[in-house]
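Single-structure report; data block below.
Below, chains carry the letters A, B, ... as their sequence lines are ordered, and counting in each starts from 1.
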Amino acid sequence: MFYNSLEPYLVLSAILFVLGLLAMFTKRNAISILMGVELVLNAACINFVAFSRFVENGISGQLVTIFIIILAASEAAVALAIILHLYRHINSINVDEATQLEG
Amino acid sequence: MDNILVWTMISILVMVGLVSVVGIISIYLERKVSAFMQDRLGPMEVGFGSLANAIIGKKTFKEGRIGLAQSLADGLKLLQKEDIVPKGADVFLFKLAPMIVFGGTFAAFAALPLAEYFVPADINIGLFYILAISSFGVTGILMAGWASNNKWGLLGALRSTAQMVSYEIPIGVSLISIVMICGTLSLKEMVLAQSGWFWNWHLFGAISHNGAIGIVLLPVMFINFLIYFTCSLAETNRAPFDIPEAESELVAGYHTEYTGMRFAIFFLAEYGAIFVGNAIAVTLFLGGWNSGIPMLDEANIPGIAPLIFITKVFVLIFVVMWVRWTLPRLRVDQLMNLCWKYLIPFTLFTFFYVTIYKVFLT
Amino acid sequence: MVPADFVFLILATLIVACGFVVVFHSKIIYSAFALLFSFFGVGGIYILLNADFLAGTQLIVYVGGISVLILFGILLTKKIYNLTTEETSTQKIIGGATSLAFLGALAALIFNTDWQIVTTTQEFTPQTLEIGKAFMGNFILPFELAAILLLVALIGAVIIGRDEKKEEI
């Protein structure tokens, strides 16, 4: 009933997406914003896999999800390097305090 | 079909038993092995009889014991100890951490193939599953180190995590060579491919897959096995890679603040992880449940296959202990140098070699 | 209700509850650990959707990689011995209202669209081989590009994260 119909997965992914969005809106800590981004990416992944299971009956959605995971991994690595750099410069990772263009 | 179902149920029960027994046996073995290597006798007093007598309050001293019940007595002692949560610790995470470390380690037991119809969960991506579920241990250790609110604990946890994450790379690449030769990720299929004489084991190349030409893989498979074994030592924080719990620097690393049963759970999880790591080595390189002599396998002696498997694993565990009491500890920078400058290039080389073999010689 | 339905409900509850902890808990370290369990739940959802290889990848990359990276980031940028590392949030009302509106829009979309569902009962088949063939066949260009991207990200992260002050000495 739940597990073999499309809508429950879409609803779950929508809730996860909105939670990630909320984290990006309300948090001012760079790492929290990164966590929000990861939630949003996961929500998108669930959607892709669900569509490939019910609508396409193939594996294209899974392939796209693997690419999303690869992107998320490289994005997290680079983002955390930038955050560490920011922390060394302004001694804070609050994005509102990062107002200077020059280092 | 029903037959397979019954065997699966039995193998699940056996695994649950194995999970609890492995820790007890390993702790006893460690104490005895270390004692003999240092010219001591190790635990001698506590036999099963005197343990029972101690529980009912009688004192007995008899000759001729070898301390078989020492681990049980240790367990009883740890159960009775006061459960201390340090002031200033984060109580919820402090209590959650041992469960996650333990759960992550023992979830991996589910996919170990003890015999052909003796696999609790015969997953088609068994190897991948074990590598994936073991990564829970890393986060559990970080959680324990942070929640203890203790400098030694946190430093130990950070070191441990950096070490485990780095050493996952050579492990993965060295196992990919085997996966490439077998063409499957299922542990059961890999063992089935190594049946027959012992030169069919992957340690000696790919003879079982491609006949005599498979012998050209012999050197790289030996290198692969050595690299995997070294990395599994590092992955389970064993000496000479026990930097996370280096006694002279960090007291006891991430479990400094843990006492009583929670400490015992960390300890059990560590030995469980050692068992899983060496079980993968046995499954992939040393023929799993095959004895290496076809006559013995075909004799169909009931229960011999799991016994062979567990014996092989414990032989490797003995080597692990041997290494621990022989080699000195590495420094942090030496550890990272070893991983990134030696192990990873060597695994990439063996990977390349196996790829060329697979493309041009088969 | 079949057992798989209960599994779905448990996983969905885990994911959403952990998502709420990520967003609303004041201690950032709790957010990070909740995020980890949320990733784990998503891996379970992939298994329910017959994507076994993907579930393993999710566990290895997200639970073993990205979560640990995020935890390291937190521990390296906060006063780590101070257990009460809390954080403030801003724009609660505007952000909440926008998010709720977005959720409403998504829900309306989900339930008003006529999805062209091909199959509801799919036999489980191992997908690893198919995925591998697809990567070596039709998807080879994006696959190679992803490899280059990973290399670039690796080198870039090392260069950005390097301590500049040490070089001047």
Side-chain angles (χ1 to χ4, degrees), chain A residues 1-12 14-23 25-29 31-32 34-36 38-39 42 45-46 49-50 52-57 59 62-63 65-67 69-78 80-85 87-88 93, chain C residues 1 4-5 8-9 12 15-16 19-20 22-23 28 31 35 39 42 45-46 48-51 54 57 61 65-66 69-70 73-74 76-77 87 89-92 95-96 98-99 102-103 106-107 110 115-122 127 130-131 134 139 142 146 149-150 153 156-157 160-161:
Chain A
M1 192 178 85
F2 282 114
Y3 87 99
N4 55 6
S5 49
L6 179 62
E7 281 82 3
Y9 294 100
L10 296 186
V11 171
L12 173 66
I15 295 173
L16 202 58
F17 185 89
V18 167
L19 280 173
L21 216 56
L22 193 58
F25 283 152
T26 56
K27 304 275 182 167
R28 289 277 86 17
N29 181 326
I31 293 178
S32 296
L34 184 66
M35 288 196 241
E38 299 295 345
L39 280 185
N42 263 282
C45 289
I46 294 180
V49 183
S52 89
R53 153 89 163 78
F54 293 105
V55 179
E56 187 219 4
N57 198 13
I59 56 163
Q62 294 186 30
L63 295 174
T65 306
I66 289 179
F67 287 123
I69 290 178
I70 294 172
L71 282 174
S74 32
E75 170 239 320
V78 175
L80 279 165
I82 292 172
I83 290 170
L84 283 185
H85 208 73
Y87 182 70
R88 270 196 226 115
I93 51 170
Chain C
M1 297 262 284
D5 286 337
F8 175 81
L9 287 180
I15 294 172
V16 173
F20 269 95
V22 172
V23 180
I28 186 167
S31 298
L35 188 71
F39 290 155
V42 173
I45 290 288
Y46 290 160
L48 277 185
L49 288 165
N50 288 352
L54 207 51
T57 316
V61 177
I66 293 178
L69 260 180
I70 288 176
I74 293 168
L76 290 177
T77 52
E87 55 165 335
S89 46
T90 52
Q91 304 173 341
K92 273 180 192 158
T98 320
S99 304
F102 206 85
L103 183 64
L106 279 178
I110 289 168
W115 301 105
Q116 306 286 316
I117 290 177
V118 177
T119 172
T120 52
T121 52
Q122 192 186 36
Q127 317 242 286
E130 279 182 54
I131 289 175
F139 285 81
L149 173 81
L150 280 176
I160 297 171

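To the nearest 0.5 Å, atom CD1 of residue Ile74(C) and atom CE of residue Met35(A) are 4.0 Å apart. The structure places CD1 of Ile66(A) at 10.0 Å from CZ of Phe139(C), a figure rounded to the nearest 0.5 Å. Distance check, rounded to the nearest 0.5 Å: CG of Leu63(A) to CG of Leu54(C) gives 9.0 Å. Between atom OG of residue Ser5(A) and atom CG of residue Asp5(C) there is a gap of 8.0 Å, rounded to the nearest 0.5 Å.
In this structure, the portion of Phe17(A) lying under 4.5 Å from any heavy atom of chain C is its side chain and not its backbone. Only the side chain of Leu80(A) comes within less than 4.5 Å of a heavy atom of chain C; its backbone N, CA, C and O stay farther away. Heavy atoms closer than 4.5 Å to chain C are found in both the backbone and the side chain of Ile70(A). The part of Leu16(A) that comes within reach of chain C is its side chain, from C-beta onward, which places non-hydrogen atoms under 4.5 angstrom from that chain. Only the side chain of Leu12(A) comes within less than 4.5 Å of a heavy atom of chain C; its backbone N, CA, C and O stay farther away. Contact of Ile66(C) with chain A is made through the side chain alone, with heavy-atom distances under 4.5 Å. Both the backbone and the side chain of Leu103(C) have a heavy atom closer than 4.5 Å to some heavy atom of chain A. Contact annotation for Leu22(A): both backbone and side-chain heavy atoms come within less than 4.5 Å of a heavy atom of chain C. Residue Leu106(C) touches chain A through its side chain alone, counting heavy-atom pairs closer than 4.5 Å. At a 4.5 Å heavy-atom cutoff, the contact between Ala51(C) and chain A is made by backbone and side-chain atoms alike.
Closest approach of Ala157(C) and Ala81(A) over heavy atoms only: O-CB, 3.5 Å. Counting all heavy atoms, side chain and backbone alike, Phe25(A) lies closest to Gly95(C) at CD1-O, 3.7 Å. The shortest non-hydrogen separation linking Leu49(C) to Ile46(A) is CD1-O, 4.4 Å. Between Ser32(A) and Ile28(C), the closest heavy-atom pair is OG-CD1, 3.6 Å.
Counting only heavy atoms from C-beta outward, the side chains of Val22(C) and Leu19(A) never approach each other to under 4.5 Å. Side-chain contact between Ile15(C) and Asn42(A) is absent, with no heavy atoms from C-beta onward closer than 4.5 Å.
Every residue two or more places apart in sequence or in another chain that forms a ring-ring contact (aromatic ring centres under 6.0 Å, His included) with Phe39(C) is listed here: Tyr62(C). Residues satisfying the side-chain hydrogen bond (donor to acceptor under 3.5 Å, both in side chains) test with Gln62(A), not counting sequence neighbours, are Gln127(C).
Contacts with chain A were tallied for Val61(C), Ile70(C), Thr57(C); Ile70(C) has the most, counting heavy-atom pairs under 4.5 Å. When the candidates Leu10(A), Ile82(A), Leu21(A) are compared by the number of heavy-atom contacts under 4.5 Å with chain C, Leu10(A) comes out ahead. When the candidates Gly36(A), Ala77(A), Gly20(A) are compared by the number of heavy-atom contacts under 4.5 Å with chain C, Ala77(A) comes out ahead. When the candidates Leu34(A), Ile69(A), Leu84(A) are compared by the number of heavy-atom contacts under 4.5 Å with chain C, Ile69(A) comes out ahead. With respect to chain A, the highest number of heavy-atom pairs below 4.5 Å among Val16(C), Ile110(C), Leu150(C) belongs to Ile110(C).
By the 6.0 Å contact criterion, CZ on Phe67(A) is enclosed, its count of non-hydrogen atoms from other residues, nucleotides or ligands being greater than 12.
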